[in-house]
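Counting starts at 1 for both ligands and their atoms, following the listed order.
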Amino acid sequence: MQKMAIYPGSFDPITNGHLSILRRALTIFDTVTIAVASNPTKGTLFALEERIEMIRKSVKDDEKVFVDSFSGLLVDYVKSKKTNVILRGMRALSDFEYEFQMSLMNRKLDRNIQTIFLMTDYKWLYTSSTIIKEAASYGGGINGLVPDIVYQKLREKFGYQE
Ligand code: PNS
C-alpha cells in the first residue's frame, strides 16, 4: 500500500526550506500532498490561488507530489485523504513549542494521526516565509532562499523591477 504524507502549512510563500523538507520526505513516503491552508489564522500576503500556483511551479511535474488546499480542521482533511501522517519541518528551538502544541492538539482530536517532523537542513535554519517577506519588502536580496517564481512574485508584490 502506498504511504502518503500530508505536508500542511500557510506556504506564504513556499521557500527553499520547504522544498528541502519535501524532497527529503519523498525518500520516506511514496507521495506527499502539500496542503495549503485556505484561511490560516494569520493574514497572508499572497491569495490562496497565488500560493498554490507558486508551489505548482516550484515542484514542477513531480508525479509523487500533489498540491491541494484545505479549510477547517487539519485532522479531518488528513482523514479524508485516507492517510494518517502529517509532515512538518522543524527549525530551531523557537519552532518547538508551537509544533509541540499543534501536534498534541491534533493527537487529541484524532489519536490515529501521527505527526512526523524532519529537522531542517542547517542551510535553512534562519529562513522563514515571514523573514524572507520582510527582507523582500525593503528590497533586500533574497536570491537563493526561494524558488525563482517566488523571487519574481515577491519583487512584483513589493514593486521592485529587475
Ligand atoms: O505554515 P503554518 O502557518 O505554520 O501552518 C499552520 C497550519 C496551517 C498547519 C495550522 O494552522 C493548521 O493546521 N490549521 C488548520 C486548523 C486546525 O486544524 N487547527 C487545529 C490544530 S492546531
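- For ligand 1, the atoms closer than 4.0 angstrom to any heavy atom of G72 are 15 (C), 16 (C).
- Using a 4.0 Å cut-off to heavy atoms of L74, the atoms of ligand 1 that qualify are 13 (O), 17 (C), 18 (O).
- Residue contacts with ligand 1, taken as heavy atom pairs separated by less than 4.0 Å, involve S10 via backbone and side-chain atoms alike.
- If you look at R88 next to ligand 1, the close heavy atoms, those under 4.0 Å, all belong to the side chain.
- The closest protein non-hydrogen atom to atom 12 (C) of ligand 1 is F70 CZ, 4.4 Å.
- Using cut-offs of 30° and 60° for the angle between ring planes, the Y7 and F11 rings count as perpendicular.
- At a heavy-atom distance under 4.0 Å, only side-chain atoms of N106, from C-beta outward, approach ligand 1.
- Of all non-hydrogen atoms in I6 and A35, the two that sit nearest each other are CG2-CB, 3.8 Å.
- Close contacts of ligand 1 with G9, meaning ligand atoms under 4.0 Å from a residue heavy atom, involve 1 (O), 5 (O).
- A salt bridge links K81 with D68; the closest basic N to acidic carboxylate O contact falls under 4.0 Å.
- Note on L48 and I149: same hydrophobic cluster, where clusters join Ile, Leu, Val, Met, Phe, Trp and Tyr whose side-chain heavy atoms are under 4.5 Å apart, directly or indirectly.
- Remark: ligand 1 atoms within the under-4.0 Å shell around heavy atoms of A37 are 8 (C).
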